[in-house]
K.L.:
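Just passing along the structure, written as structure tokens.
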Amino acid sequence: MLTDKKSKELMDEIVGLCKRKGFVFQSSEIYGGYNGFFDYGPLGAELKKNIKDAWWQDMVQRRDDVVGIDSSIIMNPSIWKASGHVDGFTDPMIDCKESKMRYRADHLFFAEVRIAGEMLGVVSLIESPEMLDEAKKKAEKLKRKLAIKGDLDEIVLICAVDATPEQYEQIPSPATGKAGTLTPPREFNMMFDTHVGAVRNDASKAYLRPETAQGIFANFKNVTDTSRLKLPFGIAQIGKAFRNEITPRNFIFRSREFEQMEIEYFIHEDSDWKTIHADWIKTRREWFTSIGLTSEFLGEEVHPSESLAHYARACTDITFKFPFGEQELEGIAARGNFDLTQHQEKSGKGLEIFDEASKSKLLPHVIEPSLGVDRTFLALICSAYTKDEIDGELRTLLKLHPRIAPVKAAIFPLVKKNENILQISNDLYKKLQRHLNVVTDLSGAIGRRYRRMDEIGTPFCITVDFESLEDNTVTIRDRDTTDQKRINLEEVLPFLLGKVNG
RNA sequence: GCGGGCAUAGUUUAGGGGUAAAACCCCAGUCUUCCAAACUGGUGUCGGCGGUUCGAUUCCGCCUGCCCGCACCA
């Protein structure tokens with residue numbers, strides 16, 4: 001593992017490269033920026049598109065059991081009430097005025113300490129698997145301090161969000177042990193809201209979606225009615241999502257506007273969901289390595305059962321070791337049929353489907369592989385970023401997989417004073433351009449042109465030289481090895497297509 | 001939200017109450033028959049707003065953004 005200083009330097013270099021070469025810009029930069037938002041430049045837009053295309057090809061086109069949709073970002077606000085986001089997508093926060101510590105209200109627990117009903121005081125602690133034992137210890141300590149005899153009543157832990165106002169005043173700060181220093185919980189919904197229509201009032205309030213998943217659930221009936229799907233099947237979607245994050249951090253890793261790629265994979269309620277869940281984890285991990293993520297940087301984190309949402313049975317994150325730490329790339333949750341149940345109930349529309357195999361009507365359960373495009377983007381750049389030495393000269397390169405590299409090949413005339421070389425080069429460029437994102441570059445020494453391409457991750461450089469005039473061959477140079485071989489002009493396109501699609 | 005630091009060209013940095021600089025990059029040209037050659041020329045900069053001042057990029061205040069730590073992270 002890199003030292004903090006080294007990893008910070010590395011991250012700075014990567015952010016610098018992204019800016020310098022036109023991958024990622026800070027949003028609204030000419031107005032001083034805008035915290036938590038980013039813009040993708042010419043190369044970034046290509047790379048991002050390639051990630052999404054690869055995912056769509058592998059998860060939708062090349063599978064018989066998955067179809068795609070593209071739902072609107074602003075939907076009937078009832079959807080977000082049914083899904084629980086209006087009430088639940090909050091992080092109520094409590095500050096300790098004295099210690100300046102901040103707690104999430106739903107992570108803060110307290111217990112009243114009593115002996116035979118007589119109140120001795122209140123203890124508080126932060127949620128953990130051992131918190132009941134800790135509470136008992138704190139209660140015993142309180143008893144000794146007050147020099148009171150007798151057996152303690154049973155300790156009952158209560159979450160701070162469930163405290164009555166009278167109880168709340170009694171809760172001591174976990175940091176100082178003193179009561180009265182905690183601010184009331186401040187509600188904070190992470191959904192951005194807006195208004196639809198000419199009138200701005202409570203009735204016109206709408207939300208920017210915080211996840212793409214609900215667009216899938218809300219269209220469940222439309223899709224199953226029109227697509228002749230049989231269980232198990234998946235519905236996939238790529239799209240923007242918005243969350244009013246308190247602290248956007250780590251470049252594009254946590255931003256307020258981001259893009260998700262989600263699949264809701266519907267399964268029979270009696271099926272072996274553990275196996276299907278495990279299969280998806282494997283499928284998704286293999287996909288990450290197939291597009292060039294360094295497999296040693298990938299990890300898995302299984303959510304402990306006590307921290308799962310009440311409707312989820314299991315959730316495993318696929319993580320990536322970024323320079324700033326190991327962080328979630330994709331969450332693969334087994335969610336039961338909570339969402340469909342909610343939408344069926346709140347909309348009043350029957351959403352059950354008939355399963356031929358079991359001859360039963362049911363609301364299927366769901367496995368949800370959900371990942372961030374932007375996080376994948378960053379993980380790919382981090383995986384690809386390399387520095388090496390060519391004949392004593394330091395070079396920077398991005399070892400991006402040809403499938404996702406923004407530019408697939410560069411076509412160079414070795415010299416720009418020879419009309420015939422220019423002609424062949426330009427003809428080849430125009431021909432390749434019809435199939436692939438390619439560039440041409442006539443300026444400067446050939447070595448400089450190679451290095452320019454290395455730095456943006458272009459996997460192949462094709463040079464038209466004097467020999468090309470004799471035998472219709474060109475050199476093709478490999479980015480990672482810098483090795484060159486001669487191939488016939490006619491073979492260039494099939495070669496590149498093979499590398500890009502393979 | 002809190003505490004600390006920072007903000008000069010595309011990048012890395014120098015400078016200083018009185019006409020703002022270097023290197024690299026980029027562009028054009030000379031040269032050049034395969035890995036950032038050389039030479040010539042060129043574009044481009046003090047985050048924003050306000051205050052002090054004859055004059056502010058420099059001093060002060062506020063704002064915005066970035067970094068580190070705390071906290072937070074469906």
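Every heavy atom of this structure was used, including side-chain atoms; hydrogens, water molecules and symmetry mates were not. All of these numbers come straight from a predicted model, not from anything done at the bench. Convention: sequence-line order gives letters A, B, ...; per-chain numbering from 1.
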K.L.:
Check this for me: A:Lys485, atom NZ, are more than 12 non-hydrogen atoms of other residues, nucleotides or ligands nearer than 6.0 Å?
P.N.:
no
K.L.:
Are any of A:Lys416's side-chain N or O atoms less than 4.0 Å away from OP1 or OP2 of B:G29?
P.N.:
yes
K.L.:
Paired with B:U58 by Watson-Crick or G-U wobble geometry, both distances under 3.5 Å: which nucleotide is it?
P.N.:
none
K.L.:
Any side-chain N or O of A:Arg448 under 4.0 Å from OP1/OP2 of B:C25?
P.N.:
yes
K.L.:
Taking only the side-chain heavy atoms of A:Asn35 (C-beta and beyond), determine which of B:C66, B:C25, B:U33 contains the nearest atom.
P.N.:
B:C66
K.L.:
Tell me whether A:Tyr31 and B:U64 count as stacked here, given that the ring centres must be under 5.5 Å apart and the planes must differ by less than 30 degrees.
P.N.:
no
K.L.:
Please classify the nucleic acid contact of A:Leu394 as base, sugar-phosphate, or nothing, using heavy-atom distances under 4.0 Å.
P.N.:
base
K.L.:
Are A:Asp454 and A:Arg395 close enough, and set up right, to give a salt bridge (Lys or Arg N to Asp or Glu O under 4.0 Å), and what steps lead you there?
P.N.:
CA-CA 8 Å; A:Asp454 292 339; A:Arg395 87 173 165 154; 2.9 Å; yes
K.L.:
Counting side-chain heavy atoms from CB outward, which of B:G10, B:C34, B:C35 is closest to A:Leu414?
P.N.:
B:C34
K.L.:
To the side chain of A:Gln26, which of B:C34, B:G1, B:C66 is closest?
P.N.:
B:C66
K.L.:
Please evaluate the base of B:C34 for a donor-acceptor partner in the side chain of A:Asp465 within a cut-off of under 3.5 Å?
P.N.:
yes
K.L.:
Measure from the side-chain heavy atoms of A:Thr247 and tell me the nearest of B:U33, B:C34, B:C72.
P.N.:
B:C72
K.L.:
Given atom CZ of A:Phe217 and atom C1' of B:A74, what is their separation to the nearest angstrom?
P.N.:
13 Å
K.L.:
With the side chain of A:Lys19 defined as its heavy atoms from C-beta on, choose the nearest nucleotide among B:U32, B:U11, B:C35.
P.N.:
B:U11
K.L.:
Determine the interatomic distance between C1' on B:U43 and the same-named atom on B:C27; round to the nearest Å.
P.N.:
7 Å
K.L.:
Is there a Watson-Crick or G-U wobble partner for B:U40 with both distances under 3.5 Å, and if so, which one is it?
P.N.:
B:A28
K.L.:
Measure the distance from NZ on A:Lys8 to C1' on B:C6 and round it to the nearest whole Å.
P.N.:
10 Å
K.L.:
Is the cationic atom of A:Arg284 (NZ for Lys, CZ for Arg) positioned less than 6.0 Å from the six-membered ring centroid of A:Phe288 and within 45 degrees of its normal?
P.N.:
yes
K.L.:
State the pairing partner of B:A23; accept Watson-Crick or G-U wobble contacts with both distances under 3.5 Å, and report none otherwise.
P.N.:
B:U11
K.L.:
In whole Å, I'd like the distance from the CZ atom of A:Phe412 to the C1' atom of B:A36.
P.N.:
12 Å
K.L.:
Compare the minimum distances between each of B:C68, B:A74, B:C31 and the side chain of A:Lys417, then state the nucleotide with the smallest one.
P.N.:
B:C31
K.L.:
Where the side chain of A:Gln484 is defined as all heavy atoms beyond and including C-beta, which of B:U11, B:A71, B:C35 is the nearest nucleotide?
P.N.:
B:C35
K.L.:
In the strands shown, is B:C2 matched to any nucleotide by a Watson-Crick or G-U wobble pair with both distances under 3.5 Å, and which?
P.N.:
B:G69
K.L.:
Give me the one residue out of A:Gln423, A:Lys431, A:Lys430 that meets side chain to side chain donor-acceptor pair (under 3.5 Å) with A:Asp427.
P.N.:
A:Gln423
K.L.:
If you look at every heavy atom in A:Ile381 and A:Leu398, which pair is closest and at what distance?
P.N.:
O-CD2, 4.2 Å
K.L.:
Roughly, in whole Å, what's the span from CD in A:Glu330 to C1' in B:A74?
P.N.:
14 Å
K.L.:
Would you tell me if any nitrogen or oxygen in the side chain of A:Arg452 comes within less than 4.0 Å of OP1 or OP2 on B:C26?
P.N.:
yes
K.L.:
Does B:U53 have a Watson-Crick or wobble partner in any strand here, with both distances under 3.5 angstrom, and which is it?
P.N.:
none
K.L.:
Which part of the nucleic acid, if any, lies within contact of A:Ile390, taking any heavy atom under 4.0 Å across all strands shown: a base, the sugar-phosphate backbone alone, or nothing?
P.N.:
sugar-phosphate
K.L.:
Under 6.0 Å from the CG atom of A:Asp471, do we count more than 12 heavy atoms belonging to anything else shown?
P.N.:
yes
K.L.:
Where the side chain of A:His85 is concerned, which of B:A74, B:A28, B:C72 is the nearest nucleotide?
P.N.:
B:A74
K.L.:
Measure CZ/A:Phe253 against P/B:A74 and give the value in whole Å, please.
P.N.:
11 Å
K.L.:
Let's test your reading of the model: under 3.5 Å, does the base of B:C35 pair with the side chain of A:Arg477 as donor and acceptor?
P.N.:
yes
K.L.:
Rounded to whole angstrom units, what separation is found between the CG atom of A:Leu371 and the P atom of B:A74?
P.N.:
17 Å
K.L.:
Nearest whole angstrom, please: distance from the P of B:U64 to the CD1 of A:Ile30.
P.N.:
19 Å
K.L.:
What do you reckon, is CZ of A:Phe324 surrounded by more than 12 foreign heavy atoms closer than 6.0 Å?
P.N.:
yes
K.L.:
Closer to the 5' end of RNA chain B via nearest nucleotide, is it A:Gln327 or A:Tyr34?
P.N.:
A:Tyr34
K.L.:
Which residue, A:Gly444 or A:Pro248, contacts RNA chain B at a nucleotide closer to its 5' end, judged by nearest heavy atom?
P.N.:
A:Gly444
K.L.:
To the nearest Å, give me how far apart CD (A:Glu389) and C1' (B:A36) are.
P.N.:
14 Å
K.L.:
Is a donor-acceptor contact shorter than 3.5 angstrom present between the side chain of A:Thr475 and the base of B:C34?
P.N.:
yes
K.L.:
Rounded to whole angstrom, note down the C1' distance from B:A9 over to B:C63.
P.N.:
24 Å
K.L.:
Taking atom types as modelled, find out whether A:Thr463 and A:Asp465 have a side-chain donor-acceptor pair closer than 3.5 angstrom.
P.N.:
no
